[in-house]
Amino acid sequence: MGFFLETLFGGLMAGMLYSLIALGFVLIFKASGVFNFAQGAMVLFAALAMARFAEWVPQWTGIDSKIAANLIAFCLAMACMVVVAWVIERFVLGKLVNQEGITLLMATLGITYFLDGFGQTVFGSDIYKIDVGMPKDPIFLFEKTFEGGVLIGQEDLIAAGIAAALVVVLALFFQKTATGRALRAVADDHQAAQSIGIPLNRIWVIVWSVAGFAALVAGIIWGSKLGVQFSLSQVALKALPVVILGGLTSVPGAIIGGLLIGVGEKLSEVYIGPLLGGGIEIWFAYVLALGFLLVRPQGLFGEKIIDRV
Amino acid sequence: QAKEQFFPVLVYRTGAYAPNGVPWANGYVDYLKLINAKGGVNGVKISYEECETGYATDRGVECYERLKGKGATVFQPLSTGITFALTEKAPADKIPLITAGYGRSESADGNVFKWNFPLLGTYWVAADVLLQHIAKKEGGWDKLKGKKIALVYHDSPFGKEPIPLVTERSKMHGFDLQLLPVTAPGVEQKATWLQVRQSRPDYVLLWGWGVMNSTALKEAQATGYPRDKMYGVWWAGAEPDVKDVADGAKGYNAVTMQHGAEPNAAVVKEILAQIHGKGQGTGPKEEVGSVLYMRGLLSAMLAVEGMRRAQENYGKGKVITGEQMRWGLENLALDQKKLDALGFAGVMRPVSTSCKDHMGSSWARVHTWDGAKWNFTSDWYQADESLLKPMVKAAADKYAAEKKLERRAAADCGA
Amino acid sequence: MLYRENGQFKTSYAADQQIFPILQDRVVIGLLLAVAFVAVPALASEYAFRAILIPFLILSLAAIGLNILVGYCGQISLGTGAFMAIGAYGAYNFLVRIDGMPLLLAVVLGGVCATVVGVVFGVPSLRIKGLYLAVATLAAQFFTDWAFLRIKWFTNDSASGSVSVSGLSLLGWQIDTPVEKYLFCLGFVCVCALLAKNLVRSHIGRAWMAMRDMDVAAAVIGIRPIHAKLSAFAVSSFFVGMAGALWGFVHLGSWEPAAFSIDRSFQLLFMVIIGGLGSIMGSFFGAAFIVLLPIFLNQVPAMLGIPINTALASHLEAMIFGALIVFFLIVEPHGLARLWSTAKEKLRLWPFPH
Amino acid sequence: MSNMLLNVNGIEVIYNHVILVLKGVSLQVPEGKVVALLGGNGAGKTTTLRAVSNLLAGERGEVTKGSIELRGERIEALSTSDMVERGVVQVMEGRHCFAHLTIEENLLTGAYTRRDGKAAVAQTLEKVYTYFPRLKTRRTSQAAYTSGGEQQMCAIGRALMCNPKMVLLDEPSMGLAPQIVEEVFEIVKDLNTKERVTFLLAEQNTNIALKYADYGYILENGRIVMDGEARALRENEDVKEFYLGMGGGDRKSFKDVKSYKRRKRWLA
Amino acid sequence: MGDRKIGDVILDVQNISLRFGGVKALTDISFNVREHEIRSIIGPNGAGKSSMLNCINGVYVPQEGQITFRGQTFSHMNSRQVAEMGVARTFQNLALFKGMSVIDNIMTGRNLKMKTNLFQQAIRWGAAEREESAHREFVEHIIDFLEIQAHRKTPVGRLPYGLQKRVDLGRALAMEPQVLLLDEPMAGMNVEEKQDMCRFILDVNDEFGTTIVLIEHDMGVVMDISDRVVVLDYGKKIGDGAPDEVRANEDVIRAYLGTSH
Ligand SMILES: Nc1ncnc2c1ncn2[C@@H]1O[C@H](COP(=O)(O)OP(=O)(O)OP(=O)(O)O)[C@@H](O)[C@H]1O
Ligand SMILES: Nc1ncnc2c1ncn2[C@@H]1O[C@H](COP(=O)(O)OP(=O)(O)OP(=O)(O)O)[C@@H](O)[C@H]1O
Ligand SMILES: [Mg+2]
Ligand SMILES: [Mg+2]
């Protein structure tokens with residue numbers, strides 16, 4: 001029982017971290033109908049920027065307070081993400097208005113290559129460290145009730161908290177404001193949105209910047225967990241089932257989907273995995289999502305897919 | 001025009017495994033530079049070209065095809081996947097492959113794998129040495145009975161290599177073996193470590209590569225598994241694996257491919273003086289002498305010594321062919337004196353190969369991370385030949401049967 | 001006016017329904033085939049065969065398969081690598097487990113294995129659409145990755161999960177040298193391309209396209225979604241599976257599941273989209289582009305004599321690769337095949353501007 | 001010419017780099033007038049409107065020759081949203097409602113560019129609802145699930161939401177019931193007289209278009225073949241025969257078309 | 001003209017009700033269609049005309065009521081079945097296959113009639129080739145008939161709206177339907193084009209004896225060419241009968257025609 005709880009908590013927290021990445025996908029999809037495969041690359045890029053600036057800032061300025069250095073690095077990294085957003089709008093999306101989803105998706109894969117190459121050129125391809133002072137050692141709960149207690153990673157707990165807070169704030173912002181409505185309009189029909197004067201370019205820069213911000217936060221959290229290196233971009237693959245399970249267009253869906261996937265994959269790996277030889281969590285997550293989709297093809301909270309003649 | 005021997009250098013300086021690939025590549029290239037700085041091999045200078053594989057098999061094959069055409073006489077694929085693919089191609093092209101510390105374990109059998117050279121050790125050697133070390137700590141093989149050992153491995157041919165040997169040993173000595181695969185690249189291991197926490201194995205063997213290693217250590221820390229009970233393969237025992245975990249990895253052990261971090265080796269000093277000193281170093285100066293750097297260095301040295309040996313037989317100062325290179329690698333006789341002369345004193349033990357034995361040495365030792373650097377913490381072990389030999393032979397025979405290959409005739413070993 | 005069709009009147013529907021109704025096209029294709037079958041084997045270097053031509057041919061075949069699914073039937077798949085893997089391992093098992101199994105049959109049977117699995121994974125497409133389906137196809141990718149690593153039977157109990165084949169022969173013809181391998185692949189791909197082209201211009205092909213463009217309307221004119229979608233999955237996986245078998249057998253010789261990873265799936269999708277969705281010819285263009293570009297970029301610094309280090313070179317390569325992909329998508333979202341036909345339209349008008 | 005709002009000067013439009021659609025179209029729209037753009041299928045009406053509102057890029061089309069001026073300012077380089085800021089809004093052919101948004105949300109997005117506060121927007125919304133009561137009853141349903149005509153009303157209403165100075169109406173009557181068509185044109189007249197909104201409308205329903213327009217251009221094959229005061233056009237014999245279906249003065253029954261068949265076209 | 005014989009009831013719609021959540025698209029609608037006649041459905045926007053057609057060919061499933069076609073009664077239709085029974089339709093919001101050429105679009109209409117299997121098609125030898133040519137010939141007749149020869153190979157997406165409508169009709173005709181459902185085939189056309197379209201419809205009706213169900217907002221057209229007219233308003237039937245009767249019906253005038261007609 002104690003172990004079950006541990007696995008459950010572990011799954012919930014892993015799920016929260018997936019949500020954080022899934023959020024980036026959802027934001028961009030909602031606002032432009034683009035399925036942004038570059039989200040992983042953005043996470044890596046943001047984390048690299050953060051890690052390297054945190055290293056360079058003290059060298060450049062001689063500041064030796066860690067907090068100050070991290071803070072400046074954070075701002076610089078965020079500035080980088082805004083520039084990235086601007087560049088993407090200016091040179092890629094702005095030129096692909098009104099194209100089909102799959103073309104846009106491929107364009108984001110192109111962006112992925114570019115960002116990967118660029119990030120590594122500028123920031124290097126070694127392993128870097130993000131140290132924002134997250135505690136690494138575990139804590140134990142319910143030590144009275146269960147033998148050995150129930151273990152929870154402190155780092156995970158904090159990360160999950162931050163992720164949850166961010167998701168909630170963004171969900172509110174995008175659901176409750178007029179901008180949110182305009183964004184959904186853009187995703188539905190680029191041309192019609194243009195025709196009534198919604199400035200696609202400005203909107204896109206904003207949304208991609210916000211997605212860049214989400215990527216940066218995800219990058220910091222994942223980066224301090226994994227170390228900042230190329231493989232960080234691969235965690236995006238783990239967020240994909242979350243996105244479709246929750247629904248491509250739903251911010252709350254990203255949270256719920258994340259939790260479901262996180263719990264589902266951890267429990268399956270721990271309880272079913274050994275029977276099958278282990279290593280099943282990655283495909284299990286997808287199969288889980290697939291199962292839900294068969295019932296609700298638009299994901300749990302996604303907008304209904306419209307087909308009408 | 002000066003005579004030049006061409007060395008292809010397959011590397012990965014980008015992608016998921018770059019942090020590990022880069023120091024290896026720098027060590028490899030620095031050593032070739034050093035040889036040239038010292039006038040080449042009997043006057044034959046070495047030319048080389050890097051080719052980026054990104055650890056991907058198809059790009060590796062492309063590199064092979066491209067560089068083969070430039071007169072390559074030995075390849076070091078530095079990836080188990082590429083090794084597998086090239087094993088099929090090398091015999092036709094008559095180019096030997098050196099896979100120092102990786103590749104297929106059964107390729108130690110030179111009679112079947114005529115062009116493969118897993119010099120200095122295979123994964124079976126690594127696994128056997130680790131188990132010997134653990135047994136010794138416990139106070140003998142018999143003490144392992146009823147103990148539990150978990151193998152956390154990279155879910156790929158590389159990670160699966162040690163399984164036959166470990167399984168064999170567990171049968172022999174009656175310890176429980178728990179197999180825990182980690183899906184590549186290994187960024188998400190929470191479930192694995194929860195399982196470790198649940199079953200509380202006495203030891204964990206870590207067969208990881210790249211990001212999987214540091215993640216494993218971090219998860220071990222987060223689930224409270226003692227790092228000093230963890231033993232890594234030599235690809236999980238270098239600086240990039242522990243660097244960003246730092247204190248969290250204190251006490252973690254790994255088997256070495258003979259060498260560890262060797263800042264004091266003569267050859268390292270030589271490189272610092274002659275190459276870095278002249279501003280021609282390939283990578284940053286601080287990295288010289290680190291574990292993976294040394295592995296690259298060692299790999300290059302083995303190739304160069306193969307060439308030197310071949311020249312001894314086929315004519316000093318000549319550019320040799322692939323077949324001659326194979327002869328050289330098959331007749332390596334690096335005794336202590338030669339090693340000392342090359343600046344490898346204390347870094348490794350003598351190596352001697354034959355056409356039957358393409359591995360040349362099966363010694364290894366263990367080193368431990370103290371939070372800042374790697375220190376040796378054990379004596380030398382030799383893998384148990386009586387166990388390994390039959391396993392190698394059986395596996396090689398199976399391969400030969402599948403491929404309808406003939407074992408090499410004794411006569412073929414002569415010249 | 002080099003390229004004119006004036007004066008070329010068709011006197012029968014059969015004539016108008018040819019693959020290349022215009023004389024100039026037929027001439028060009030004839031020449032191209034002659035070059036491919038006669039001149040190339042005589043002239044190309046071993047490197048060109050092994051590192052460029054053979055991969056190009058095999059990946060073209062896979063791209064054709066994927067194009068049937070994505071380009072013609074509109075079902076985006078990110079699991080192509082999986083079907084290649086199934087083809088490769090399927091063919092491998094037939095080859096090693098059944099004595100005297102002919103190579104050609106093994107490859108085709110590999111394709112059949114992929115077909116079966118493809119149909120199974122195609123079933124969700126009846127309900128799940130668009131990007132949801134695309135992401136869901138990753139289930140196939142990760143599942144097969146896992147299965148071939150984990151289930152020993154598939155790899156004939158090879159301890160490491162890596163398998164290899166050698167000594168290929170076709171009706172007594174030993175396929176050893178690169179030229180022979182090239183010719184084998186070329187023949188194979190030509191035949192498959194022809195079959196694929198025939199399918200897409202028959203009524204099944206139209207059913208696929210109708211499904212892609214507007215599924216409700218397609219249903220109203222009597223096209224059954226199940227039939228159309230699953231047949232597209234089947235045919236597509238068949239070609240992809242055979243390509244996988246060739247990739248393993250002919251190109252690599254020895255492989256592990258990583259040879260058919262998700263990167264391969266993306267690579268193929270690139271080929272299809274850059275080449276042109278819904279175009280068989282485009283699949284060849286796309287494959288050529290994606291195979292050649294990295295090799296070309298890789299060698300540019302050396303050709304220019306600029307010594308830059310490998311890391312920087314390959315980072316630049318990735319950047320240029322990404323940028324070029326975006327560039328091509330912007331220039332022509334419908335791919336190289338469309339660019340080609342626009343060029344032909346211009347030629348038709350030439351020398352008048354419009 | 002001081003009150004010329006829009007001045008299109010010999011523009012050429014090419015789609016996909018090869019398809020030449022407009023072959024030098026010039027037209028003027030005076031401030032506060034209703035100008036009709038008439039012509040058969042494929043004549044290039046939609047294309048002309050797209051050129052003015054700068055919506056061509058998304059269709060891979062471009063203006064290769066000529067100029068377009070709004071109050072004397074060249075506008076080819078502006079974006080569509082700049083045009084809307086200058087008060088020029090287009091109602092696109094084929095509705096283009098935002099499928100996932102409700103009717104009301106659709107209308108509200110139309111007011112995206114407005115800065116005059118929520119109350120003013122709400123007022124306009126009411127106005128649109130009084131124009132199209134049908135929309136009010138369907139306000140909460142997703143646009144995709146409304147009937148063709150309802151979508152058409154929604155598209156028109158949405159454009160009106162931004163308080164435009166000039167509206168480019170592309171086939172407003174398409175799919176609308178007769179009395180709604182009538183109403184739409186009444187709205188046009190209403191806005192035109194009360195709020196001095198200028199209209200450029202592309203319309204197939206020549207009859208009604210010429211009834212409400214001040215001036216008309218007839219477009220064939222990408223060229224203007226005739227223009228003039230609406231009244232004059234209505235009296236023109238050719239127009240009568242080919243566009244009003246009144247060859248020889250009176251209306252022919254559609255039932256009788258079978259017995260004769262003629263193709264018009266001034267230009268081959 | 002007078003030799004056209006109107007036959008028995010071919011399609012009988014009984015008490016159909018269709019709801020979408022709270023929206024009552026159709027309430028208890030009954031009407032019938034006789035063989036060879038031209039039957040129009042009119043009514044204000046959102047009255048439920050298109051929904052009615054959608055029920056007939058199985059796109060929507062009505063909650064209540066049944067449809068009898070040639071003596072067979074169904075509580076709901078299945079698109080494929082309907083197509084096989086010889087009902088074809090055109091769509092209000094063009095539902096052409098955008099990526100395909102005109103000829104391919106029309107050829108899809110023949111799909112039901114094409115029988116060769118996948119392997120024959122892949123090899124395209126003998127039967128498949130013959131079949132393709134035979135059907136192609138049929139389609140060429142339709143193309144000639146609709147006068148779109150010049151656009152044969154053009155992708156339909158590039159055609160102007162009016163021609164797309166014609167292709168839509170062509171695709172339906174290619175099915176050699178017994179009943180043809182037309183949803184606003186003349187929207188967005190000028191008088192001359194409408195005349196052409198009317199001619200096509202009358203020809204089809206005349207030469208092939210096809211029964212036609214027509215939705216149209218142009219009263220001129222409806223009154224001129226239809227044999228009987230159904231009027232819907234807010235999902236209810238408010239009138240049914242010959243054009244002149246309907247034109248005189250008070251309810252219809254109030255709800256739809258307005259006074260000017
Ligand atoms: N996106 C496009 N790509 C290529 N050709 C196009 C495109 N859009 C329109 N055309 C072509 O341009 C010509 C003019 O089209 P346009 O839509 O402007 O006509 P229109 O006068 O609005 O006709 P309709 O009354 O049918 O709407 C047509 O021949 C059409 O084929
Ligand atoms: N799938 C659906 N979901 C919800 N409501 C629907 C759906 N289809 C139609 N409706 C509603 O049913 C009513 C009838 O729609 P229908 O399309 O049949 O109208 P129509 O008579 O064809 O009108 P128009 O002349 O404008 O095309 C409309 O109010 C519409 O909003
Ligand atoms: Mg138009
Ligand atoms: Mg309708």
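Numbered from 1 within each chain, the chains take letters A, B, ... in sequence-line order. Since we're looking at a predicted model, the values are computed, not measured.
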I'd like to verify something: which residue of C:Val163, C:Val165, C:Ile52, C:Thr155 has the highest number of heavy-atom pairs under 4.5 Å with chain B?
C:Val165

Of all of C:Ser45, C:Pro55, C:Ser164, which one pairs up most often with chain B through heavy atoms under 4.5 Å apart?
C:Ser164

Using heavy-atom distances under 4.5 Å, tell me whether [X] contacts chain C through its side chain, its backbone, both, or neither.
| X | value |
| --- | --- |
| B:Glu402 | side chain |
| B:Lys404 | neither |
| B:Tyr55 | neither |
| B:Tyr12 | neither |
| B:Val11 | side chain |

What is the minimum heavy-atom distance between [X] and [Y], and which atoms define it?
| X | Y | answer |
| --- | --- | --- |
| B:Thr14 | C:Ser314 | CG2-OG, 3.0 Å |
| C:Glu256 | B:Thr57 | OE2-OG1, 3.7 Å |
| C:Leu149 | B:Ser156 | CD2-CA, 3.9 Å |

I'd like to know which of [options] tops the heavy-atom pair count under 4.5 Å against chain C.
| options | value |
| --- | --- |
| B:Ala56, B:Gly69, B:Gly81 | B:Gly81 |
| B:Arg59, B:Lys89, B:Glu65, B:Glu62 | B:Glu65 |
| B:Glu52, B:Glu88, B:Glu50, B:Arg66 | B:Arg66 |

Could you tell me whether the side chain of C:Arg50 reaches within less than 4.5 Å of the side chain of B:Val61, counting heavy atoms only?
no

How many angstroms lie between atom CG of B:Asp58 and atom NE2 of C:His251, to the nearest 0.5 angstrom?
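NE2 of C:His251 is found 6.0 Å from CG of B:Asp58.
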
Separation between CZ of B:Arg13 and CG of C:Leu312, rounded to the nearest 0.5 Å
11.0 Å

Contact origin within C:Arg264 toward chain B - heavy atom pairs under 4.5 Å
side chain

Region of C:Asp145 that comes under 4.5 Å of a non-hydrogen atom in chain B
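Neither the backbone nor the side chain of C:Asp145 comes within 4.5 Å of chain B.
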
Greater than 12 external heavy atoms within 6.0 Å of B:Glu406's CD:
no

For C:Ser254 and B:Phe84, indicate whether the former's side chain and the latter's backbone hold a donor-acceptor pair under 3.5 Å.
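The answer is yes, because a donor-acceptor pair under 3.5 Å joins these two groups.
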
